[in-house]
Amino acid sequence: MEWEIITVIIALVGLLTTVTKPIMKLTNTITQLNNTCQNLEERMEKFENHNHDSHVKIWAHNDKQDEQLTNHENRISILEEKEK
């Protein structure tokens with residue numbers, strides 16, 4: 001009778017160990033994945049901000065060039081009119 005109880009206790013401890021170990025590994029893996037996702041989110045946000053700033057600079061430069069082209073077109077038109 002005592003050996004049966006001890007056998008059941010050993011079996012329960014083995015079962016508990018068998019179930020607990022993978023759950024702990026899974027929890028650890030999920031925590032690492034969560035941290036990785038948070039880091040990725042932060043890096044993506046920085047990238048988007050940098051990208052936005054770069055586009056603002058590009059469009060400002062583009063607008064400046066458009067003004068210069070318009071000015072040159074006007075000057076060329078004036079010179080062509082003078083030649084006639």
Side-chain angles (χ1 to χ4, degrees):
M1 186 72 142
E2 288 179 18
W3 289 108
E4 290 176 8
I5 294 173
I6 292 174
T7 305
V8 169
I9 291 173
I10 290 173
L12 288 175
V13 169
L15 178 65
L16 185 63
T17 302
T18 303
V19 172
T20 304
K21 189 172 181 180
I23 289 175
M24 289 175 61
K25 285 183 180 180
L26 180 63
T27 303
N28 189 25
T29 303
I30 290 172
T31 302
Q32 289 175 349
L33 181 61
N34 216 3
N35 289 337
T36 302
C37 286
Q38 286 175 349
N39 290 337
L40 183 60
E41 186 177 341
E42 290 172 2
R43 290 176 65 188
M44 190 66 175
E45 186 175 327
K46 287 179 185 177
F47 173 76
E48 287 175 350
N49 289 337
H50 181 267
N51 192 28
H52 179 269
D53 294 343
S54 295
H55 283 126
V56 167
K57 288 178 184 177
I58 289 170
W59 283 107
H61 184 70
N62 188 35
D63 291 341
K64 182 179 176 184
Q65 285 181 339
D66 286 345
E67 289 174 11
Q68 287 178 340
L69 284 173
T70 303
N71 184 24
H72 290 319
E73 285 290 327
N74 289 338
R75 290 173 53 199
I76 290 171
S77 297
I78 292 170
L79 289 173
E80 287 176 345
E81 289 295 321
K82 284 184 180 180
E83 287 182 2
K84 291 181 184 181

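Here, residue 1 is the first one in the sequence, and each next residue gets the next number.
- Interatomic distance, H55 NE2 to I58 CD1, rounded to the nearest 0.5 Å: 5.5 Å.
- We find the CG-OG1 distance between L12 and T17 to be 10.5 Å, quoted to the nearest 0.5 Å.
- Side-chain contact check for E73 versus T70: every heavy-atom pair is 4.5 Å or farther apart.
- Here the straight-line distance linking atom CG of L79 with atom CZ of R75 works out to 7.5 Å at 0.5 Å rounding.
- Atom NZ of residue K64 and atom CG of residue N62 lie 12.5 Å apart, to the nearest 0.5 angstrom.
- Contact record, P22 with T18: CD-O, 2.9 Å, taken as the closest heavy-atom pair.
- Using modelled atom types, one finds a donor on one side chain and an acceptor on the other under 3.5 Å when comparing Q65 with H61.
- We find the CD1-CD1 distance between I5 and I10 to be 12.0 Å, quoted to the nearest 0.5 Å.
- Every residue meeting the side chain to side chain contact (heavy atoms under 4.5 Å, CB included) condition with I23, not counting sequence neighbours, appears here in chain and number order: V19, T27.
- Side-chain contact between N35 and Q38: present, with at least one pair of heavy atoms (C-beta onward) separated by less than 4.5 Å.
- Atom CD of Q68 and atom NE2 of H72 lie 5.5 Å apart (nearest 0.5 Å).
- Looking at heavy atoms from C-beta onward, N28 lies out of side-chain contact with M24 at the 4.5 angstrom threshold.
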